[in-house]
Student: 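Below: one structure in structure tokens.
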Amino acid sequence: MLFIDFRQHVLAVVRQVLADKGLTDADYMNVALEAPKEESHGDLATNAAMVLAKKVGMAPKALAEMLLEGLKVHEAVEAVEIAGPGFINFRLKTSALIGQGVAATAAGGAYGTLKAADTRKAMVEYVSINPTGPIHVGHGRNAVFGDAIANVLEKAGFPVWREYLVNDSGNQINVLVRSLHARYMQLFGHDVAVPDNGYPGEYLIEVAEKLKARDGDKWVSETDEQVLLRELRSFAVETCLDLIKQDIQTLGIEFDRYFSEFAMHQTDRMAEVVAILRNKGLVNEGTLPPPKGKEIADYKPVELTLFKATEFGLAEDQAIYNRAGMPTYFGQDIAYHYDKLQRGYELLVTVIGIDQTGAFKPLAKAIEALTGRGDVYHPVAYEMVKVMRNGEPVKLSKRAGNIVLLSDVLEEVGTDAFRFTMLTVKPTTTLVFDLAHAVAKTMDNPVFYVQYAHARLCAVERQREELGIPALDAAKLDVATMKISAEARSVLREIMLYPALIEQAARSLEPHRLTFYAQSLAAAIHRWYAAEKWLDSADVRATHERLAVAFAARTVLADVLKLCGVNAPTSM
RNA sequence: GCGCCCGUAGCUCAGUGGAUAGAGCAUCAGCCUUCUAAGCUGUUGGUCGCAGGUUCGAUUCCUGCUGGGCGCGCCA
């Protein structure tokens with residue numbers, strides 16, 4: 001690919017020219033090749049002279065002069081100039097951009113696919129909502145982020161496994177069963193309230209009805225809670241998980257595996273990892289100080305099994321088992337991540353809500369202790385989604401009855417609009433999702449803008465056929481002598497930059513970059529569309545040249561939308 | 001009290017140790033005898049929260065302050 005090849009050229013020349021300056025690999029780390037903000041500054045630019053000037057003991061512009069001759073020597077280069085404080089700007093030959101476009105069309109979905117420099121097996125764990133009820137909008141953000149991250153990592157060359165952790169073994173499942181049983185009893189006319197700390201959502205009535213349909217009144221007279229917990233656990237979990245899976249399916253997401261924590265605890269994973277950490281001197285028995293945030297009247301310290309997070313500079317150790325001897329969330333997390341490592345995954349991405357990030361620092365330290373590496377665990381924390389309705393904020397709470405269900409929102413705005421909107425904001429920004437706007441399908445939502453560009457590209461090909469213009473045979477194009485408009489050239493420039501986008505989005509785990517690229521490419525396409533008529537029966541050659549650009553654009557636009565999980569419609 | 005995130009145009013948000021800080025919406029003014037006007041062109045709009053520091057250069061990195069959001073047993 002042109003961008004990748006050209007960057008190799010730049011780095012090779014810089015290293016060659018400065019070979020006797022005693023620079024290290026680390027010195028070259030910050031040398032970058034990127035597109036200037038102003039298109040008039042050129043197609044690509046490198047900061048090499050500015051970054052290395054001090055190390056070499058030269059002024060940036062003088063160093064740039066020194067590099068210039070070598071950098072010029074590349075078949076794609078039309079002109080090189082030094083500008084501003086020491087940028088080296090490249091203007092590429094239009095024929096090189098066209099060649100890249102034609103190649104992109106030929107490669108189809110493979111264009112922009114990178115060979116990862118490291119070939120670690122990656123696992124993206126996302127959604128992982130407790131199977132105690134349906135998904136709300138905030139969970140939808142998790143799902144969309146995780147899926148796009150997985151897509152982009154795959155595109156960047158990593159083998160990727162998508163996993164959902166089903167947290168089906170904690171106390172919340174007991175709470176779920178109690179709540180379900182209360183709803184079940186209500187169906188039989190018994191005045192039983194949902195427990196105070198239970199799940200009051202009305203969806204449990206539906207679950208209870210399913211239980212009634214399956215078992216009749218079998219559990220009405222059952223008074224032994226242990227029996228209920230044992231007998232109804234898997235029914236409750238599976239039925240609730242089905243609710244979640246419906247939404248996952250609507251979003252177009254497929255997991256490679258739903259990993260059951262309950263099943264994991266039937267194995268020795270937890271004991272194994274605790275033993276390993278204990279052997280490393282990182283687990284011992286001890287007591288924790290009282291919690292900071294609030295007063296606890298009858299607090300009594302007790303000896304617990306602790307992970308010594310303080311060894312890593314963290315404020316407090318973390319309990320692995322609670323005073324009842326059951327695994328804590330943190331303990332389960334260690335065991336689960338140990339399991340991931342045992343299965344051979346070495347790049348562990350977890351998409352997690354910002355309100356759930358309390359334990360990820362000690363978990364990161366535990367994984368570091370297990371692997372000896374600090375670059376294995378990558379939590380992606382995303383901020384809350386603030387849902388507005390008629391100017392009033394809608395509070396998101398799993399416990400409260402008035403949660404905004406993802407399925408409702410998807411029905412209102414459609415999967416494409418939802419996914420695209422969720423990807424227009426970086427993870428750390430609190431996202432304000434205005435239902436009124438989204439429902440109205442105004443241009444507040446740029447997904448239509450991007451999809452429309454794709455539809456136009458497809459419509460033109462249909463029109464070509466109707467006009468009786470022969471289909472394009474890319475092999476017959478004379479790339480070297482093609483003449484295209486400035487607007488078409490801008491489209492090709494965006495296409496040339498696609499591999500850089502993939503690389504950056506994968507490295508930063510920031511999939512919102514995809515939608516910004518998509519909008520940028522779509523804007524170039526719309527501008528070009530408005531600037532000149534593409535189809536001309538009187539000039540088949542020129543028409544074919546423009547179609548070649550259009551097909552390249554269609555290829556890349558469809559691919560980036562696919563990474564976003566958004567449809568690329570052929571007509572609108 | 002502590003920890004994490006955020007503060008950029010009227011609104012919703014991008015962006016960067018460097019070139020004149022951007023997009024969409026909203027405002028105002030234009031463009032359909034021409035492949036889909038869900039589009040295009042132009043216009044208005046900024047003390048990048050405040051104050052220091054680091055350096056050739058800071059909106060970007062560091063510190064303090066301030067405003068907002070979230071979290072703070074061995075819970076879930």
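Keep in mind the model is a prediction, meaning the values are calculated, not measured. Hydrogens, waters and symmetry mates play no part in the numbers below; they use all other heavy atoms, side chains included. So you know, we letter chains A, B, ... as the sequences are listed, proteins then strands, and number each from 1.
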Student: For the aromatic rings, using the six-membered ring if either is Trp, is the centroid distance between A/Phe145 and A/His512 under 6.0 Å?
Tutor: no

Student: Measuring from atom CZ of A/Arg91 to atom CD of A/Glu39, what distance do you get when rounded to the nearest 0.5 angstrom?
Tutor: 8.0 Å

Student: Cation-pi check for A/Tyr382 against A/Arg141: NZ or CZ below 6.0 Å from the six-membered ring centre and within 45 degrees of the axis, yes or no?
Tutor: no

Student: Taking only N and O in the side chain of A/Lys37, is any of them less than 4.0 Å away from OP1 or OP2 of B/rG15?
Tutor: no

Student: Across the strands shown, which category fits A/Phe330 at heavy-atom distances under 4.0 angstrom: base, sugar-phosphate, nothing?
Tutor: nothing

Student: Classify A/Glu38 by what it touches in the nucleic acid, base, sugar-phosphate, or nothing, heavy-atom distance under 4.0 Å.
Tutor: nothing

Student: Just to be sure I understand the rule, does A/Ala319 reach a base, reach only the sugar-phosphate, or reach nothing, if contact means heavy atoms closer than 4.0 Å?
Tutor: sugar-phosphate

Student: Could you check which of B/rC5, B/rU34, B/rC75 has an atom nearest any side-chain atom of A/Lys533?
Tutor: B/rU34

Student: Is the phosphate of B/rC6 approached by A/Thr428 (side-chain N or O, under 4.0 Å from OP1 or OP2)?
Tutor: yes

Student: Stem list for RNA chain B, please, built from Watson-Crick and G-U wobble pairs under 3.5 Å and keeping only runs of at least 3.
Tutor: B:1-7 with B:66-72, B:10-13 with B:22-25, B:28-31 with B:39-42, B:49-53 with B:61-65

Student: Is A/Tyr449 near enough to B/rA37 that one of its side-chain N or O atoms lies under 4.0 angstrom from OP1 or OP2?
Tutor: no

Student: Is the centre of the A/Tyr164 ring less than 6.0 Å from the centre of the A/Tyr126 ring?
Tutor: no

Student: For A/Glu461, what residues pass the side-chain contact (heavy atoms from CB on, under 4.5 Å) criterion, not counting sequence neighbours?
Tutor: A/Arg464, A/Leu547, A/Phe551, A/Arg554

Student: Mind checking A/Asn89 for me? I need base, sugar-phosphate or nothing, with any heavy atom below 4.0 Å counting as a touch.
Tutor: base

Student: Side chain of A/Arg456 only, please: which of B/rC70, B/rG3, B/rG39 is the nearest?
Tutor: B/rG39

Student: Report yes if a side-chain nitrogen or oxygen of A/His512 is closer than 4.0 Å to either non-bridging phosphate oxygen (OP1 or OP2) of B/rG15; otherwise report no.
Tutor: yes

Student: Using 30° and 60° as the class limits, which term best fits the ring planes of A/Phe418 and A/Phe433: parallel, tilted or perpendicular?
Tutor: perpendicular

Student: Go through B/rA19, B/rC70, B/rC75 for me and flag the one nearest to the A/Asn322 side chain.
Tutor: B/rC75

Student: Under 4.0 Å between any heavy atoms, over every strand shown, what does A/Leu431 touch: base, sugar-phosphate, or nothing? Just pick one.
Tutor: sugar-phosphate

Student: So what does A/Thr430 hit on the nucleic acid, given a heavy-atom distance under 4.0 Å: a base, only sugar-phosphate, or nothing?
Tutor: sugar-phosphate

Student: Base, sugar-phosphate alone, or nothing: which one does A/Thr424 contact when heavy atoms must sit under 4.0 Å apart?
Tutor: sugar-phosphate

Student: Of all the nucleotides listed (B/rC70, B/rG15, B/rG3), which has the minimum atom distance to the side chain of A/Glu510?
Tutor: B/rG15

Student: Do other residues, nucleotides or ligands put more than 12 heavy atoms under 6.0 Å from A/Glu465 CD?
Tutor: no

Student: Using the closest heavy atom to pick a nucleotide of RNA chain B for each, name whichever of A/Glu34 or A/Ser571 lands nearer the 5' end.
Tutor: A/Glu34

Student: Does B/rA19 have A/Phe87 stacked on its base, where the ring centres are within less than 5.5 Å and the planes differ by under 30°?
Tutor: yes

Student: Determine, stepwise, if the pair A/His41 / A/Phe87 fulfils ring pair (Phe, Tyr, Trp, His ring centres under 6.0 Å).
Tutor: CA-CA 10 Å; A/His41 287 148; A/Phe87 287 103; 8.0 Å; no

Student: Using a heavy-atom cut-off of under 4.0 Å over every strand shown, decide if A/Tyr321 touches base, sugar-phosphate, or nothing.
Tutor: nothing

Student: In whole Å, what is the span from the OH atom of A/Tyr517 to the C1' atom of B/rA23?
Tutor: 17 Å

Student: Separation of A/Arg527 atom CZ from B/rG39 atom C1', in whole Å?
Tutor: 12 Å

Student: Taking only side-chain N and O atoms of A/Arg323, does any of them lie within less than 4.0 angstrom of OP1 or OP2 on B/rG73?
Tutor: no

Student: For a quick check of understanding: with a heavy-atom distance under 4.0 Å over all strands, which category does A/Glu532 fall into, base, sugar-phosphate or nothing?
Tutor: base

Student: Compare the minimum distances between each of B/rC74, B/rC13, B/rU55 and the side chain of A/Phe516, then state the nucleotide with the smallest one.
Tutor: B/rC13

Student: Give the rounded distance in Å between these two atoms: CD of A/Glu316 and C1' of B/rG71.
Tutor: 14 Å

Student: Kindly say if A/Thr429 contacts the phosphate of B/rA14, meaning a side-chain N or O under 4.0 Å from OP1 or OP2.
Tutor: yes

Student: Please indicate whether A/Met572 has more than 12 foreign heavy atoms, meaning atoms of other residues, nucleotides or ligands, lying under 6.0 Å from its CE.
Tutor: yes

Student: Among B/rG15, B/rA19, B/rG39, which nucleotide sits nearest the side chain of A/Pro36?
Tutor: B/rA19

Student: So does A/Asn47 reach the base of B/rA19 with its side chain, donor to acceptor, closer than 3.5 Å?
Tutor: no

Student: Have a look at A/Arg464 and say if it touches a base, only the backbone sugar-phosphate, or nothing, with a 4.0 Å heavy-atom cut-off.
Tutor: nothing

Student: Output the rounded distance in Å from CG (A/Asp355) to P (B/rC70).
Tutor: 10 Å

Student: Counting side-chain heavy atoms from CB outward, which of B/rC13, B/rG69, B/rC70 is closest to A/Glu383?
Tutor: B/rG69

